[in-house]
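Here's the structure we're looking at; comments come further down.
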Amino acid sequence: MCGRVRLDIPFAEIAKTLNILGDAPNTRASWNIAPTHDMLVAYLHPERQYRVAENMRWGMVPRWAKEAYSKYPTHNARAEIVRTKATFRDPWREGKRCLVVTNGFYEWRERDKQPFAVARAKENLTIMAGLREIWTDKSSGEVVRSCTVITTKPNSLIEPYHDRMPVLLAEADWPKWLGETPASEAEIYDLLKPYPSEDTMLWPVSKRVGNVRNNDPSLADKIELAPEELQRLI
DNA sequence: CCAGACGTTGTT
DNA sequence: GTCTGG
DNA sequence: CCAGACGTTGTT
DNA sequence: GTCTGG
């Protein structure tokens, strides 16, 4: 997927939809969230056994990392390797799965760099399958909580634009992904597939989204492409 | 064995 | 921390 | 993904 | 031209 998402509705609404019982994290609306920024993440609190929400850095920091920042991009994890590769293996094995909460994401068409917004159709929230991790600096004790978004093959709507898309989860799959209902590893891994294209929508947006300093509601607005561009939408 | 990587998307 | 490449 | 930078000395 | 930061 791309390196940008948006989240632009009040937390109260999110908490209601996701049935989050924990405290409200200090989230503010953003139409341009990039890697290294905070993402809103929901997960099952291991002791309390209810859903909590938290801001976590987008870009997983493995617990064994010497530094909190590295040159290796970890904001996405390919579903094909997430179970085995060093960076994601431990969180996967330990079931540190989470829901990454967004209102959608952006993709750029290569030919003309035209950005498009993508979201689940008919739903306010576009929920992505994620993993989370906690990193602690051995000397200073500094703690960084971070997350990654799992990617998979694109569905037929997105395929003309990109060869990858984030794993999106329908509400019926949330309990299994969060570990609230029993499921085998194979059943859980089976959730990592393209979201149905008939439940996905896509529309062109302003190129201003390319600059992270631009961050206002109009970034997610549908724009009118010139007739010529419309014609070669795909 | 030790040193160095540990990753993604989208390209050429 | 653990796997991979040399 | 795009926008913006594009370096050094000295230290471990 | 290519890498880094957001």
Next item on the list: Could you please name the option among B/dC6, D/dA3, B/dG7 that lies closest to any side-chain atom of A/W64?
Entry: B/dC6
In residues 10-17 of chain A, what donor-acceptor pairs under 3.5 Å come from side-chain atoms, sequence neighbours left out?
| residue | atom | partner | partner atom | Å |
| --- | --- | --- | --- | --- |
| A/E13 | OE2 | A/N124 | ND2 | 3.2 |
| A/T17 | OG1 | A/E13 | O | 3.0 |

Note to self: Just to be sure I understand the geometry, which residues of residues 78-89 of chain A put a non-hydrogen atom under 4.0 Å away from DNA chain C?
What the structure shows: A/A86, A/R89
Margin query: Can you measure A/R208 atom CZ to D/dA3 atom P for me and round it to whole angstrom units?
Written below: 12 Å
Next item on the list: Would you name the heavy atoms of A/E67 and A/W135 that are closest together and state the gap between them?
Entry: C-CZ2, 3.8 Å
Checklist line | Rounded distance in Å - CE (A/M165) to P (B/dT8) | finding: 17 Å
Check: Taking 4.0 angstrom as the limit, do A/E171 and A/K122 come out as a salt bridge?
Finding: no
Next item on the list: Please answer whether the main-chain N or O of A/A79 pairs with a side-chain N or O of A/Y189 as donor and acceptor at a distance below 3.5 Å.
Entry: yes
Next item on the list: Rounded to whole angstrom, note down the P distance from B/dG4 over to E/dG6.
Entry: 28 Å
Note to self: If I take atom NE2 in residue A/H37 and atom P in nucleotide E/dG6, what distance separates them, rounded to the nearest angstrom?
What the structure shows: 7 Å
Notebook entry, point to check: Hey, are A/K176 and A/D173 close enough for a salt bridge, meaning a charged N less than 4.0 Å from a carboxylate O?
Noted result: no
Next item on the list: Take the protein atom NZ of A/K207 and the nucleotide atom P of D/dC2, then report the distance between them rounded to whole Å.
Entry: 9 Å
Note to self: Rounded to whole Å, please give me the gap between NZ in A/K71 and P in B/dC6.
What the structure shows: 8 Å
Next item on the list: Figure out the CG/C1' separation between A/D112 and D/dC2, and round it to whole Å.
Entry: 14 Å
Check: Phosphate oxygens OP1/OP2 of D/dG4: is one of them under 4.0 Å from a side-chain N or O of A/R213?
Finding: yes
Notebook entry, point to check: Looking at D/dG4, C/dG1, B/dA5, which one has an atom nearest to any side-chain atom of A/Y72?
Noted result: B/dA5
Next item on the list: Check every strand shown and say whether A/A77 touches a base, only sugar-phosphate, or nothing at a heavy-atom separation below 4.0 Å.
Entry: sugar-phosphate
Next item on the list: Report the nucleotide, chosen from D/dC2, C/dG1, B/dT8, that has the shortest atom-to-atom distance to any side-chain atom of A/W108.
Entry: D/dC2
Next item on the list: Determine, step by step, whether A/Y43 and A/R132 satisfy the side-chain hydrogen bond (donor to acceptor under 3.5 Å, both in side chains) criterion, reporting the C-alpha distance in whole Å, the side-chain angles of both residues, the deciding distance to 0.1 Å, and the verdict.
Entry: CA-CA 9 Å; A/Y43 63 96; A/R132 59 192 178 88; 4.6 Å; no
Checklist line | Identified side chain to side chain contact (heavy atoms under 4.5 Å, CB included) counterpart of A/L219 within the set A/D8, A/N214, A/V205 | finding: A/N214
Next item on the list: From the options B/dT9, E/dG6, D/dG4, select the nucleotide whose nearest atom is closest to the side chain of A/T36.
Entry: E/dG6
Item checked: Side-chain donor or acceptor of A/W203 paired with backbone N/O of A/A220 under 3.5 Å -> yes
Next item on the list: Between B/dC2 and D/dT9, how far apart are the C1' atoms? Round to whole Å, please.
Entry: 31 Å
Next item on the list: For this output row, return yes or no: ring centroids of A/W58 and A/H75 closer than 6.0 angstrom.
Entry: yes
Checklist line | Identified side chain to side chain contact (heavy atoms under 4.5 Å, CB included) counterpart of A/R208 within the set A/N32, A/I223, A/D216 | finding: A/D216
Check: Given atom CG of A/D163 and atom P of B/dT12, what is their separation to the nearest angstrom?
Finding: 13 Å
Check: What is the distance, rounded to the nearest whole Å, between atom CG of A/N215 and atom P of D/dC2?
Finding: 18 Å
Margin query: What's the gap between C/dG1 and B/dT8 when it is taken at their P atoms, as a whole Å value?
Written below: 23 Å
Next item on the list: Determine: side-chain N/O of A/S70 to OP1/OP2 of B/dG7, distance under 4.0 Å, yes or no.
Entry: no
Margin query: Are there runs of at least three consecutive Watson-Crick or G-U pairs touching DNA chain D, with each pair's two distances under 3.5 angstrom? Give them by first number.
Written below: D:1-6 with E:1-6
